[in-house]
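Remember, predicted model here, so these are calculated numbers, not experimental data. Along the sequence shown, residues are numbered consecutively beginning with 1.
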Amino acid sequence: MDHGGHGMTTDLPPFTLSRALEFSGDPFFLSGCLLALLLYGAGVVRLRRRGDAWPVSRSAGFVLGVLSVGLVMCTALNEYGMVLFSVHMVQHMIISMLSPILLLLGAPVTLALRALPAAGRGRRGPREVLVAVLHSWYVRVVSHPAFTIPLFIASLYGLYFTPAFDFLMSSPAGHITMMVHFLAVGLVFFWPIMGLDPGPHRPGYVMRMMELFAGMPFHAFFGIAVMMATEPLIATYSDPPASLGVTALEDQEWAGGIAWAFSEVPSVIVLVALVFQWYFSDERAARAGDRAADRNGDRELAAYNAYLASLHARGG
C-alpha cells in the first residue's frame with residue numbers, strides 16, 4: 001500500500017462499497033482498536049465480578065465507536081482515501097465526528113475510575129494518575145470551549161487550505177498523525193458537550209447545546225467552499241488514477257458535499273443524547289426530592305402549613 005497518495009495506488013480497481021470494505025488492517029489502528037476493546041472489556045468484567053452494574057448501552061456505544069475507527073482505517077477505504085478526496089472526507093468525518101461521540105457514550109473515563117483499584121494512602125497508582133490528569137491545568141485548558149471550538153474549526157481550514165495537508169499525506173507517519181489528530185480533536189470537542197465522563201467543565205444542558213451549534217456552521221461552510229471551488233484545492237488529489245474513472249473536480253465536489261451533509265449527523269445524535277440525559281437528570285432530581293421528603297416526613301410542607309396557620313391566627 002502506498003501511503004504517499006501517488007505511485008503504486010494507481011492500479012486501484014474502480015471504487016465499489018464491497019471493495020472498499022475489504023479488510024486491510026493498518027497495523028497502528030488495528031492494534032489501537034484491539035487494545036481499546038481489551039481494556040474496556042477488562043474494566044466491565046472487573047465491575048461485574050465485584051457485583052457492580054455497568055449499562056449495556058454504554059458498552060455498546062464504546063464498541064461501535066471502536067468499530068467505526070476500524071471501519072475507516074483498517075479497510076480498503078484507507079487505500080482509496082489516499083487517492084480520492086471524497087473517500088478521505090468520509091474517513092475524516094467519521095473519525096472526527098461520529099467515532100468520538102460513540103466512544104464518549106461509552107463513558108470510558110468513568111469506567112476506568114470505577115474499575116481501577118485505589119493505590120492506598122500516600123501511594124500513586126494508575127487511578128491516582130488519572131485523577132491528577134483530570135484535575136490538571138492542561139486538561140482544563142484543552143477541554144475549555146474557548147480552546148476546543150477554535151481548534152475544531154482550525155482543523156478543517158488550517159489543514160485543507162494550506163500546504164499542511166499535502167505534507168502530512170506524503171508519508172505514512174504523517175497520515176497516521178493526521179488521523180489521530182482528527183480523532184483527538186473530536187474527543188476534546190465533544191467530551192464536555194456529552195457530559196457523561198467527569199471533567200473540569202460541566203456546563204448546563206443549554207450551554208452544551210450552544211457549544212455544539214457554535215462549531216457546526218463553520219463545518220457546513222467549509223463543505224460549501226470545497227464544493228464550489230473551480231480548481232483542485234489539494235495537490236495529493238489533483239490527478240486521480242484513470243482506473244477510478246473520476247476527475248479531480250468531480251471528486252472534490254463529492255468531498256465538499258460529504259463534509260456539508262455530515263455536519264448534521266453528529267448534531268442529531270448529540271441532541272438526542274442530551275435530551276435523554278436532561279430528562280433522566282430531572283427524573284433523578286424529582287426522585288431524590290421525594291426520598292428526602294419521605295425521610296424528613298415532609299418537614300418543609302409541615303412548616304409551610306404552620307406558617308399559613310399562624311397567618312390565619314394573626315388575621316383572626
May I ask you to decide if the ring planes of Y157 and F221 are parallel, tilted or perpendicular, using 30° and 60° as cut-offs?
parallel
For the side chain of S99 and the backbone of I94, is there at least one donor-acceptor N/O pair under 3.5 Å apart?
yes
Checking the side chain of E264 only, and the main-chain atoms of A261 only, is there a donor and an acceptor separated by less than 3.5 Å?
no
Take the angle between the ring planes of Y237 and F85 and call it parallel below 30°, perpendicular above 60°, tilted in between.
parallel
Flag, side chain of D26 to backbone of C74, donor-acceptor distance under 3.5 Å
no
Kindly compute the distance separating CG (L71) from CD (Q91), expressed to the nearest 0.5 Å.
9.5 Å
Just verifying a value: how many Å separate S155 OG and F218 CZ, rounded to the nearest 0.5 Å?
13.5 Å
CG/L271 to CE/M209 distance, rounded to the nearest 0.5 angstrom?
5.5 Å
Side-chain donor-acceptor pair present, T75, S24, cut-off under 3.5 Å:
no
Hey, what do you get for OG (S59) to CG (L105), rounding to the nearest 0.5 Å?
12.0 Å
Please confirm whether the backbone N or O of A115 pairs with a side-chain atom of R46, one donor and one acceptor, at under 3.5 Å?
yes
Does atom CH2 of W260 have more than 12 heavy-atom neighbours, drawn from other residues, nucleotides or ligands, at distances under 6.0 Å?
no
E250 side chain to T247 backbone, donor-acceptor under 3.5 Å:
yes
Between R208 and P203 (side chain of the first, backbone of the second, donor and acceptor by atom type, cut-off under 3.5 Å), is there such a pair?
yes
Hey, could you give me the CG/CG distance between L84 and D251, rounded to the nearest 0.5 Å?
4.5 Å
Tell me, with the steps shown, if F165 and H88 meet ring-ring contact (aromatic ring centres under 6.0 Å, His included).
CA-CA 12 Å; F165 185 88; H88 165 82; 4.9 Å; yes
Candidate pair V109 and L134, rule side-chain contact (heavy atoms from CB on, under 4.5 Å), full reasoning
CA-CA 9 Å; V109 177; L134 286 172; 3.8 Å; yes
In sequence, state the C-alpha distance, the side-chain angles, and the governing distance for F29 and I95, and then conclude on side-chain contact (heavy atoms from CB on, under 4.5 Å).
CA-CA 12 Å; F29 279 96; I95 207 168; 4.2 Å; yes
Could you check Y160 against L233 for side-chain contact (heavy atoms from CB on, under 4.5 Å), going step by step and ending with a plain yes or no?
CA-CA 8 Å; Y160 291 100; L233 294 168; over 6 Å; no
With a cut-off of 6.0 Å (strictly less than), are more than 12 heavy atoms of other residues, nucleotides or ligands near CZ of F23?
yes
Flag yes if L17 and M82 sit in one hydrophobic cluster, no otherwise; membership is Ile, Leu, Val, Met, Phe, Trp, Tyr, and two members link when side-chain heavy atoms are under 4.5 Å apart.
yes
Interatomic spacing from OG1 in T230 to CD in Q252 - rounded to 0.5 Å:
9.0 Å
Determine, stepwise, if the pair F222 / F161 fulfils ring-ring contact (aromatic ring centres under 6.0 Å, His included).
CA-CA 10 Å; F222 165 79; F161 295 156; 5.6 Å; yes
Just wondering, more than 12 heavy atoms not from R50 lying within 6.0 Å of its CZ?
yes
Short question: side chain of R114, backbone of L47 - any donor-acceptor pair under 3.5 Å?
no
Could you walk me through whether V83 and D239 pass the side-chain contact (heavy atoms from CB on, under 4.5 Å) test, one step at a time?
CA-CA 8 Å; V83 290; D239 188 23; over 6 Å; no
Is it true that a side-chain atom of S243 and a backbone atom of L12 form a donor plus acceptor pair closer than 3.5 Å?
yes
Candidate pair F152 and H219, rule ring-ring contact (aromatic ring centres under 6.0 Å, His included), full reasoning:
CA-CA 9 Å; F152 191 69; H219 213 282; 5.8 Å; yes
Do other residues, nucleotides or ligands put more than 12 heavy atoms under 6.0 Å from W54 CH2?
yes
Please work out which of the three classes, parallel, tilted or perpendicular, describes the rings of F62 and Y40, given edges at 30° and 60°.
parallel
N/O donor-acceptor pair under 3.5 Å between E211 side chain and V206 backbone:
no
Does R127 reach the main-chain N or O of L113 with its side chain, forming a donor-acceptor pair under 3.5 Å?
yes
